[in-house]
Amino acid sequence: MKRTNCFVLAAAASLALFVLGSCASVMGSSVKVNAFDTMDQDSLVYISVPVGVHSEFTNSLLKSMIGSDVSDKYIKNVTDSIDRVYVGIGSPSNKSRLQVACDGTVSTASKLALSSTEYFSKKIQNVNTAGLYQVYTEKKSGVQICAPGSDLILLGSDITPQLERYDSEANSQFLSGILNSSSVSEWKESEAYKFVGDSSTDNIRLYMNKPLSFITNLLGTSLSSSIFQLNFIEGEFEKLPSGKYSVDLNMEFSKDNLISKAVAFLKVALLMTDSKVTASDDRHLSVTGIQVSMDQMKKMLGI
């Protein structure tokens with residue numbers, strides 16, 4: 001009996017893989033893949049933007065990433081149908097890598113915009129674990145765009161890894177449902193994943209590995225790499241009624257003996273602002289209440 005049950009489970013798994021591999025549209029319509037799960041785990045910078053509260057910033061963000069020649073009307077057709085944008089910038093081997101995943105409902109207007117021959121050329125792309133996808137490439141920037149499901153738009157300098165992760169996540173969810181099992185990866189348990197992937201917040205969130213250049217852009221002054229030896233920075237940007245953004249940062253240092261020097265430096269650098277610098281322990285400090293304009297925020301993020 002035990003052997004028979006194993007055979008049945010194996011057969012069910014094989015059938016599921018065959019079905020998923022044969023028809024991507026079935027998978028896309030029946031399984032919802034979290035947009036953030038389509039991105040690689042080694043990006044140097046992760047950004048999460050709720051579109052409803054930050055529509056102006058989102059329009060500017062997507063326009064700069066897709067291509068400055070793309071019309072504002074096209075960008076609006078895309079942003080009107082999405083709820084949240086996740087961005088991954090750079091990797092240890094490719095500092096210019098770009099990955100974007102937009103979560104929402106892909107509207108008819110968005111689909112028509114994707115089909116615009118004015119900006120995009122179209123090709124059919126085959127992914128190892130699934131069927132065919134329509135991938136659109138912006139003619140000047142070379143950025144690729146694809147809507148693999150009815151609730152997701154992917155964008156990147158090379159979209160293949162994102163489509164492969166989309167397939168992998170959908171397959172995993174589909175098989176978990178059949179086999180009544182579940183598993184959570186180490187990545188999904190990480191602080192970076194939980195912080196940036198939190199879809200309940202209305203604030204823009206940022207997670208950066210080795211983020212010395214970000215702090216330099218924020219303060220407008222060079223920082224000593226001997227003091228600011230950072231593992232990561234978490235940042236949260238709250239939009240204020242004035243149109244400016246209030247920035248809160250949490251920093252983790254790689255050594256215990258750097259905090260006091262960093263606190264002293266930041267207090268002097270931020271003396272003329274209303275911000276507050278606080279050390280929470282030997283390796284963590286926070287900076288709260290920095291106010292910046294949208295242009296300053298875009299410069300900090302390298303957008």
Q: Report yes or no: do Val53 and Leu61 belong to one cluster of Ile/Leu/Val/Met/Phe/Trp/Tyr joined by side chain heavy-atom distances under 4.5 Å?
A: no
Q. For the residue pair Ala262 and Phe253, what are the closest heavy atoms and their distance?
A. CB-CZ, 3.5 Å
Q) Any side-chain heavy atom of Glu186 sitting closer than 4.5 Å to one from Gln41? A) no
(Q) Are there over 12 heavy-atom neighbours, none belonging to Lys95, within less than 6.0 Å of that residue's NZ? (A) yes
Q.
Distance check, rounded to the nearest 0.5 Å: Leu98 atom CG versus Leu155 atom CG?
A. 6.0 Å
Q.
So Pro161 and Gln99, do their side chains get closer than 4.5 Å, heavy atoms only?
A. yes
Q: Check ring pair (Phe, Tyr, Trp, His ring centres under 6.0 Å) between Tyr245 and all other residues, then give those that pass, not counting sequence neighbours.
A: His54
(Q) Centroid separation under 6.0 Å, is that true for the rings of Phe57 and Phe237? (A) no
Q. Looking at side-chain heavy atoms only, is the closest gap between Val143 and Met65 below 4.5 Å?
A. no
Q. Of the non-hydrogen atoms in Cys102 and Ala35, which two are nearest, and what is the gap between them?
A. C-CB, 4.3 Å
Q: With sequence neighbours excluded, give me every salt bridge (charged side-chain N to carboxylate O under 4.0 Å, His left out) pair touching residues 229-238.
A: Arg205-Glu236
Q) Looking at residues at least two apart in the chain, or sitting in another chain, which of them share a side-chain contact (heavy atoms from CB on, under 4.5 Å) with Asp37? A) Asn34, Glu169, Lys188, Tyr193
Q) Got a second to check how far Ser168's OG is from Leu163's CG, nearest 0.5 Å? A) 12.5 Å
(Q) With side chain to side chain contact (heavy atoms under 4.5 Å, CB included) as the criterion, how do Asp282 and Ile259 come out once you've worked through the C-alpha distance, each side chain's angles and the decisive distance to 0.1 Å? (A) CA-CA 6 Å; Asp282 291 339; Ile259 287 288; 5.5 Å; no
Q: Go through Met297 and Leu206 one step at a time and tell me if the side chain to side chain contact (heavy atoms under 4.5 Å, CB included) criterion holds.
A: CA-CA 11 Å; Met297 182 172 67; Leu206 163 82; over 6 Å; no
Q) If you round to the nearest 0.5 Å, how far is CD1 of Ile75 from CG of Leu62? A) 5.5 Å
Q) To the nearest 0.5 Å, how far apart are CE in Met251 and CD1 in Ile233? A) 4.5 Å
Q: Taking side-chain contact (heavy atoms from CB on, under 4.5 Å) as the test, write out the residues that go with Ser121, two or more places apart.
A: Thr137
Q: Quick one: list whatever passes ring pair (Phe, Tyr, Trp, His ring centres under 6.0 Å) with Tyr46, sequence neighbours left out.
A: Phe36, Trp187
Q. Looking at side-chain heavy atoms only, is the closest gap between Pro148 and Leu154 below 4.5 Å?
A. yes
**Q.** Any pair counted as salt bridge (charged side-chain N to carboxylate O under 4.0 Å, His left out), so long as it reaches residues 240-265, sequence neighbours left out
**A.** Asp256-Arg283
Q: For Ser246, check side chain to side chain donor-acceptor pair (under 3.5 Å) against everything at least two apart and list the hits.
A: none
Q: For residues 74-91, pull every pair meeting salt bridge (charged side-chain N to carboxylate O under 4.0 Å, His left out), keeping only residues two or more places apart or in separate chains.
A: Lys76-Asp80
Q) What are the two closest heavy atoms between Gln162 and Val100, and how far apart are they? A) NE2-O, 3.0 Å
Q: With sequence neighbours excluded, tell me which residues meet side-chain contact (heavy atoms from CB on, under 4.5 Å) with Thr273.
A: Leu270, Ser275
Q | For Glu138, all residues meeting side-chain contact (heavy atoms from CB on, under 4.5 Å), sequence neighbours excluded | A | Ile66, Val70, Tyr119, Phe120, Lys140, Ser141
Q: Among residues two or more places apart or on two chains, list those pairs meeting salt bridge (charged side-chain N to carboxylate O under 4.0 Å, His left out) that have a residue in residues 38-66.
A: Asp40-Arg97, Asp42-Arg97, Lys63-Asp72
(Q) Do Phe195 and Phe232 make a side-chain contact, defined as non-hydrogen atoms from C-beta onward lying under 4.5 Å apart? (A) no
Q) Considering residues at least two apart in sequence or located in another chain, which fulfil the salt bridge (Lys or Arg N to Asp or Glu O under 4.0 Å) criterion with Lys194? A) Glu189
Q) Does CG belonging to Asp274 count more than 12 external heavy atoms closer than 6.0 Å? A) no
Q. Tell me, do Ser199 and Asp103 make a side-chain contact under 4.5 Å, heavy atoms counted?
A. no
(Q) Just verifying a value: how many Å separate Ile89 CD1 and Met208 CE, rounded to the nearest 0.5 Å? (A) 7.5 Å
(Q) Quick check: closest heavy atoms across Gln229 and Leu258, and the distance to 0.1 Å? (A) CB-CD1, 3.7 Å
Q: Answer whether the closest heavy-atom distance between the side chains of Leu285 and Leu249 falls below 4.5 Å.
A: no
Q: Could you walk me through whether Phe265 and Val277 pass the side chain to side chain contact (heavy atoms under 4.5 Å, CB included) test, one step at a time?
A: CA-CA 10 Å; Phe265 182 95; Val277 182; over 6 Å; no
Q. If you look at every heavy atom in Leu44 and Pro92, which pair is closest and at what distance?
A. CD2-N, 4.1 Å
**Q.** Ser293 backbone acceptor or donor facing Gln296 side chain under 3.5 Å
**A.** yes
Q: Heavy atoms only: give me the nearest Gly88-Ser43 pair and the separation to one decimal.
A: CA-OG, 3.7 Å
Q | Any side-chain heavy-atom pair of Phe228 and Leu266 under 4.5 Å | A | yes
Q) Are Val45 and Val292 connected in a single hydrophobic cluster, I mean Ile/Leu/Val/Met/Phe/Trp/Tyr linked by side-chain heavy atoms less than 4.5 Å apart? A) yes
Q.
For the CG atom of Asp151 and the CD1 atom of Ile82, what is their distance to the nearest 0.5 Å?
A. 12.5 Å
**Q.** Full working for side chain to side chain contact (heavy atoms under 4.5 Å, CB included) between Asn250 and Ser286
**A.** CA-CA 4 Å; Asn250 291 310; Ser286 63; 3.3 Å; yes
